[in-house]
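Report on the following structure.
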Amino acid sequence: MEIGKGKILIPDRIAQGDVIRVQAVVQHPMDTGFFRDANANMIPPYFMKDVTVTYGEAEVARFEWTSGVSKDPMIAFPLRADREAPLIFTYKDNRGTSYQISVPIAFQTG
Amino acid sequence: MDEQIEPGRRAFLQVVGAAGAALMLEGIRGAARPLAARVVRGPDEPEAPNEEVAKILKDRFGDRTIQRGHVTLDMAASTEDGRFVPVSLESDLPMSAERYVKGVYFIIDHNPDPLVFAMHLTPQIGPLAVQTRVKMRRTSWIRAIVETSDGELWADYAKVETSLNGCG
């Protein structure tokens, strides 16, 4: 696992004004802090806790997460694709580390 | 006002199922009393919030009423693996600049941390349809509550059984 790596899936062809489905997956163990490792040591809580989604300059969504979100968190939601701009997910985990994944929203021409 | 209209397949099936069961009973008893008297509390109503859930509801929503409707929480009635429980959540509420869903709150009553996730949204997000995966410690009622930009609260509920503890 490479923590913080991930991808954002969007449709191949997007026309201006489409409501598209955005699906983002990021690699993270999302440890709850309640499990033990093979040596019976507690595995401390370690999870993505804050996600912001920006589209161009605008913040369009923000998520509060807990360790109750499954390992390698996936979230899918609709987005009004009304301009060409990067869609950026910024994940912050409970240790304060930030990770960014982005995809350009671009319209089909011709 | 349209909040009396109960959306959703589950609600429909519940009513049909309850009526069917009641009719069977009537047949057995041969009595003829109104059906409605016994269809008071369906299997679709969540249990009373536990202390922790009540605190979350109070902190996030104060004393505002949470009405049922305009949200459809689609989850399997039972799941084997509490580590990966698929969630699908939809709403027919508008997502326009004037009025939109500004918050989504997903609560699993019997999880160690019941407010599993919250979403803060803008009208740039289209008509609400969210999919994700969550963990469950044990069988629990689940609450999907949405908050509109003008302060209304709408919800749907589901009871999901699980055998494998996904939370530790």
Side-chain angles (χ1 to χ4, degrees), chain A residues 9-11 14 17-26 28-37 42-83 85 87 94 105, chain B residues 52 56 59-60 79 81-91 93-97 100-138 140 142 146 160 162 164-168:
Chain A
L9 302 176
I10 56 171
I14 302 171
D18 283 356
V19 175
I20 61 168
R21 184 174 186 270
V22 174
Q23 181 178 335
V25 186
V26 64
H28 204 282
M30 300 300 278
D31 291 319
T32 59
F34 300 113
F35 284 109
R36 291 173 187 277
D37 64 18
M42 293 301 292
I43 302 169
Y46 183 33
F47 57 96
M48 295 292 200
K49 64 176 295 189
D50 185 74
V51 188
T52 56
V53 184
T54 56
Y55 180 25
E57 298 299 310
E59 179 178 309
V60 295
R62 185 170 63 80
F63 311 142
E64 299 172 49
W65 280 357
T66 66
S67 62
V69 175
S70 299
K71 179 184 171 178
D72 299 338
M74 181 279 286
I75 180 88
F77 58 87
L79 179 78
R80 292 184 205 280
D82 55 11
R83 56 188 185 270
L87 185 68
N94 66 325
I105 304 289
Chain B
E52 211 172 342
I56 291 165
D59 287 351
R60 298 282 178 157
T79 175
D81 190 344
R83 294 173 303 175
F84 296 96
V85 183
V87 176
S88 176
L89 169 63
E90 295 184 11
S91 173
L93 289 165
M95 287 300 274
S96 65
Y100 60 96
V101 173
K102 70 168 184 177
V104 175
Y105 299 85
F106 186 85
I107 296 169
I108 302 181
D109 284 19
H110 292 292
N111 266 26
D113 206 346
L115 181 58
V116 174
F117 67 84
M119 307 174 77
H120 306 282
L121 307 175
T122 65
Q124 192 76 44
I125 304 303
L128 200 64
V130 172
Q131 292 85 36
T132 186
R133 295 181 301 234
V134 297
K135 303 175 194 174
M136 291 184 69
R137 179 166 64 182
R138 62 175 173 91
S140 180
I142 298 180
V146 309
V160 176
T162 188
L164 180 70
N165 176 351
C167 296

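Note that this is a predicted model, so its numbers are computed, not measured. Every chain is numbered from 1, with letters handed out A, B, ... down the list of sequences.
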Max heavy-atom pairs within cutoff under 4.5 Å with chain A, candidates B/Gly166, B/Pro123, B/Gly126, goes to B/Gly126
Comparing B/Met136, B/Arg137, B/Arg83, B/Gln131 against chain A, the one with the most heavy-atom pairs below 4.5 Å turns out to be B/Gln131
Any donor-acceptor pair under 3.5 Å from [X] side chain to [Y] backbone:
X	Y	result
B/Lys135	A/Met30	yes
A/Arg21	B/Ala129	no
A/Ser70	B/Arg133	yes

For the residue pair [X] and [Y], what are the closest heavy atoms and their distance?
X	Y	value
A/Phe35	B/Asn165	CZ-O, 4.1 Å
A/Pro78	B/Pro127	CG-O, 3.1 Å
B/Cys167	A/Thr32	O-OG1, 2.7 Å
A/Val60	B/Ile125	O-CG1, 3.8 Å
B/Met95	A/Arg80	O-NH2, 2.6 Å

For the residue pair A/Thr66 and B/Leu115, establish whether any side-chain heavy-atom pair is separated by less than 4.5 Å. no
I'd like to know which of A/Gln23, A/Lys71, A/Glu59 tops the heavy-atom pair count under 4.5 Å against chain B. A/Lys71
Chain B contact via A/Val19 - side chain, backbone, both or neither, heavy atoms under 4.5 Å: side chain
Starting at CD of A/Glu64, measure out to OH of B/Tyr105 and round the result to the nearest 0.5 Å. 6.5 Å
Name the residue from B/Val104, B/Thr132, B/Leu121 that meets the side-chain contact (heavy atoms from CB on, under 4.5 Å) definition with A/Phe63. B/Leu121
